[in-house]
Student: 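Dropping a structure here in structure tokens format, bear with me for questions.
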There are 2 protein chains.
Amino acid sequence: MPEPTLARLSHYLRCLRQLAAEGVQTVSSAAMEARLSIPSTQIRKDLSHFGEFGRPGIGYDVQHLLEHLTEIMRLDREQRAVIVGAGNLGSALLGYGGFVNSPFRIVGIFDNNFSKIGRPLWNLEIQDVHRLPELNKELGADIGIVAVPAAAAQEAADMLVEAGVRAILNFAPAVINVPKDIAVRDVDVTREMEILSFHIKRADDAEEAE
Amino acid sequence: MPEPTLARLSHYLRCLRQLAAEGVQTVSSAAMEARLSIPSTQIRKDLSHFGEFGRPGIGYDVQHLLEHLTEIMRLDREQRAVIVGAGNLGSALLGYGGFVNSPFRIVGIFDNNFSKIGRPLWNLEIQDVHRLPELNKELGADIGIVAVPAAAAQEAADMLVEAGVRAILNFAPAVINVPKDIAVRDVDVTREMEILSFHIKRADDAEEAE
DNA sequence: ACTTGTGAAGCATTTCACAGCC
DNA sequence: GGCTGTGAAATGCTTCACAAGT
């Protein structure tokens with residue numbers, strides 16, 4: 001399954017949820033292109049990887065496609081996650097409103113800083129990261145979120161692996177090594193800023209060229 | 001210039017900074033592969049887009065390559081950014097430690113919520129988002145960060161465009177439309193979680209198959 | 001007439017293989 | 001012997017073109 005297809009599925013879901021909320025019954029790939037700026041042929045090809053959902057001459061049934069994609073991505077069941085790192089970022093993620101109407105639920109937050117352990121944060125209490133493997137037997141999180149500085153990222157990842165998570169979302173600007181059956185996605189704000197910095201360049205160059 | 005190459009440049013920079021800090025003089029593409037898990041041929045091909053930096057039989061001069069790449073990405077000068085949205089996320093970004101030893105500096109934070117405007121946040125004061133175009137004449141930010149809910153994302157982006165930014169980092173889970181000479185990068189935590197959710201699936205399936 | 005699904009073509013990126021240099 | 005830079009081959013993804021369905 002192509003990784004780019006997977007990333008776009010998330011866009012399709014967002015679009016379909018919105019359409020469903022608007023009470024729209026049917027949608028064509030061309031109509032989705034208008035909303036998402038993803039070519040209609042791309043949309044059809046992506047969806048064709050999972051089956052035949054559309055009807056020629058009509059389009060896709062919004063509700064039906066929404067349910068199918070939700071199931072394919074396993075978003076029809078609760079997905080529990082734990083956060084390692086109770087700093088700014090960990091705290092912001094825990095309080096993030098984007099998870100309220102989603103299957104994702106943060107069930108634990110951990111840190112290695114003794115002055116933080118035991119303190120309440122939002123609806124949880126910060127736990128000792130060394131107890132993560134033990135406590136996750138109860139918590140049952142499949143997803144681990146690394147929200148620690150780069151220097152501590154590998155250690156945090158190791159602890160999550162030991163705790164039995166199947167997937168890791170890594171916010172630290174560092175490469176983390178994990179067994180190959182564990183999925184990792186990196187989110188690196190600094191990297192995104194650096195890429196933007198490069199793109200700005202071209203506009204500057206045009207100015208300098210005058 | 002291939003977009004994937006650009007994204008990897010950021011990894012090379014991080015690696016080189018670390019090597020420089022360790023006092024390493026020279027590094028081979030094979031040695032970088034060991035640290036970054038990026039194939040050495042890929043590294044060489046990427047670097048070859050910008051010139052010939054290495055010496056056969058020796059490798060790359062760490063300091064020299066670091067300086068070159070830093071310049072290529074325009075990270076040798078201050079890059080000012082403003083944030084729109086003073087909620088959890090905006091606040092976390094403003095307090096984010098990752099920018100301390102970097103060229104990025106957040107010079108303003110804006111919101112449309114009257115109860116927030118005028119309040120101090122870290123080292124700044126929250127400003128009215130409607131004054132963004134006017135105030136950015138002074139602030140001079142080239143980068144805008146969208147840290148508002150999805151429903152307000154387009155409006156925030158419009159305001160940033162009017163304020164004259166050349167690049168936008170969008171944290172809202174929404175498509176934003178901007179003039180094509182303005183670079184946009186999306187960071188969508190929910191999307192990343194959804195992709196991980198899909199990948200977890202395979203492990204579950206194996207279990208279910210028994 | 002309108003729209004899907006899909007093989008085939010086209011394009012982009014990665015990987016290979018090796019000539020040339022230290 | 002070790003390493004870079006790079007054409008060429010291989011792979012992967014996107015776009016095209018159109019047959020088939022409504």
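Here is how names work: the chains are called A, B, and so on, in the same order as the sequence lines, proteins then strands, and each is numbered from 1.
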Student: Once you round it to whole Å, what is the distance between P of C:dT6 and CD of A:Gln42?
Tutor: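 Taking atom P of C:dT6 as the reference, CD of A:Gln42 is at 15 Å.
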Student: Once you round it to whole Å, what is the distance between C1' of C:dT4 and CZ of A:Phe50?
Tutor: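 The distance from CZ of A:Phe50 to C1' of C:dT4 comes to 17 Å, rounded to the nearest Å.
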Student: Run the side-chain donor-acceptor check on residues 103-112 of chain B: report pairs under 3.5 Å with partners two or more places apart or on a different chain.
Tutor:
from	atom 1	to	atom 2	distance (Å)
B:Arg105	NE	B:Glu78	OE2	2.8
B:Arg105	NH2	B:Glu78	OE1	3.3
B:Asp111	OD1	B:Asn113	N	3.0
B:Asp111	OD2	B:Ala86	N	2.7

Student: For DNA chain D, which residues in residues 5-32 of chain A have a heavy atom at a distance below 4.0 Å?
Tutor: A:Arg8
Student: In whole Å, I'd like the distance from the NZ atom of A:Lys45 to the P atom of C:dG10.
Tutor: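 Value for this atom pair: 15 Å.
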Student: If you look only at distance, which donor and acceptor atoms sit under 3.5 Å apart when one is on a side chain in residues 147-159 of chain B and the other is two or more places apart or in another chain?
Tutor:
from	atom 1	to	atom 2	distance (Å)
B:Gln154	OE1	B:Asn177	N	2.9
B:Gln154	NE2	B:Asp158	OD1	2.8
B:Gln154	NE2	B:Asn177	O	3.0

Student: Kindly give the atom pairs (protein nitrogen or oxygen, nucleotide nitrogen or oxygen) under 3.5 Å for nucleotides 18-22 of chain C.
Tutor:
from	atom 1	to	atom 2	distance (Å)
C:dC22	O4'	B:Pro56	O	2.8

Student: Answer yes when B:Asp181 and B:Arg166 have at least one side-chain N-carboxylate O distance shorter than 4.0 Å, and no when they do not.
Tutor: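 B:Arg166 and B:Asp181: salt-bridged.
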Student: Who are the ring-ring contact (aromatic ring centres under 6.0 Å, His included) partners of A:Tyr96, not counting sequence neighbours?
Tutor: A:Phe99
Student: Among all residues two or more places apart in sequence or in another chain, which pass the side-chain contact (heavy atoms from CB on, under 4.5 Å) test with B:Ala30?
Tutor: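 Here the qualifying residues are B:Ser28.
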Student: In whole Å, what is the span from the CD atom of B:Glu33 to the C1' atom of C:dT15?
Tutor: 12 Å
Student: Can you give me the closest heavy-atom contact between A:Ala167 and B:Ile200, atom names plus distance?
Tutor: CB-CG1, 3.8 Å
Student: By side-chain contact (heavy atoms from CB on, under 4.5 Å), which residues pair with B:Pro56, not counting sequence neighbours?
Tutor: none
Student: With rounding to the nearest 0.5 Å, note down the distance linking CZ in B:Arg8 to NE2 in B:His11.
Tutor: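 Separation between the atoms: 8.5 Å.
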Student: Is it the case that the side chains of B:Arg44 and B:Ser29 hold a donor-acceptor pair, with the cut-off being a distance below 3.5 Å and no angle test?
Tutor: yes
Student: With sequence neighbours left out, which residue pairs that include part of residues 11-32 of chain B fulfil the salt bridge (charged side-chain N to carboxylate O under 4.0 Å, His left out) condition?
Tutor: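 Matches after skipping sequence neighbours: A:Glu194-B:Arg17, B:Glu22-B:Arg35.
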Student: Search all heavy atoms of A:Tyr12 against all heavy atoms of A:Asp46 and return the closest pair with its distance.
Tutor: OH-OD2, 2.6 Å
Student: Please tabulate, one pair per line, all N/O donor-acceptor pairs under 3.5 Å involving side-chain atoms of residues 59-66 of chain A, not counting sequence neighbours.
Tutor:
from	atom 1	to	atom 2	distance (Å)
A:Asp61	OD1	A:Gln63	N	3.3
A:Asp61	OD1	A:His64	N	2.8

Student: Going 5' to 3' on DNA chain D, which nucleotide is the first and which the last to come under 4.0 Å of a heavy atom in chain B?
Tutor: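 Range of nucleotides touched by chain B: D:dG2 to D:dA8.
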Student: Identify, residue by residue, the members of residues 59-67 of chain A with a heavy atom below 4.0 Å from DNA chain D, and return them in order of residue number, or none.
Tutor: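 The stretch gives none, as no residue of it lies under 4.0 Å from the strand.
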Student: For B:Glu52, give me all partners under salt bridge (charged side-chain N to carboxylate O under 4.0 Å, His left out), at least two apart in sequence or on another chain.
Tutor: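 Salt bridge (charged side-chain N to carboxylate O under 4.0 Å, His left out) list for B:Glu52, sorted by chain: empty.
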Student: Which comes earlier along DNA chain D counting from the 5' end, the contact point of A:Glu3 or that of B:Gly54, where each point is its nearest nucleotide?
Tutor: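 Nearest-nucleotide comparison on DNA chain D picks B:Gly54.
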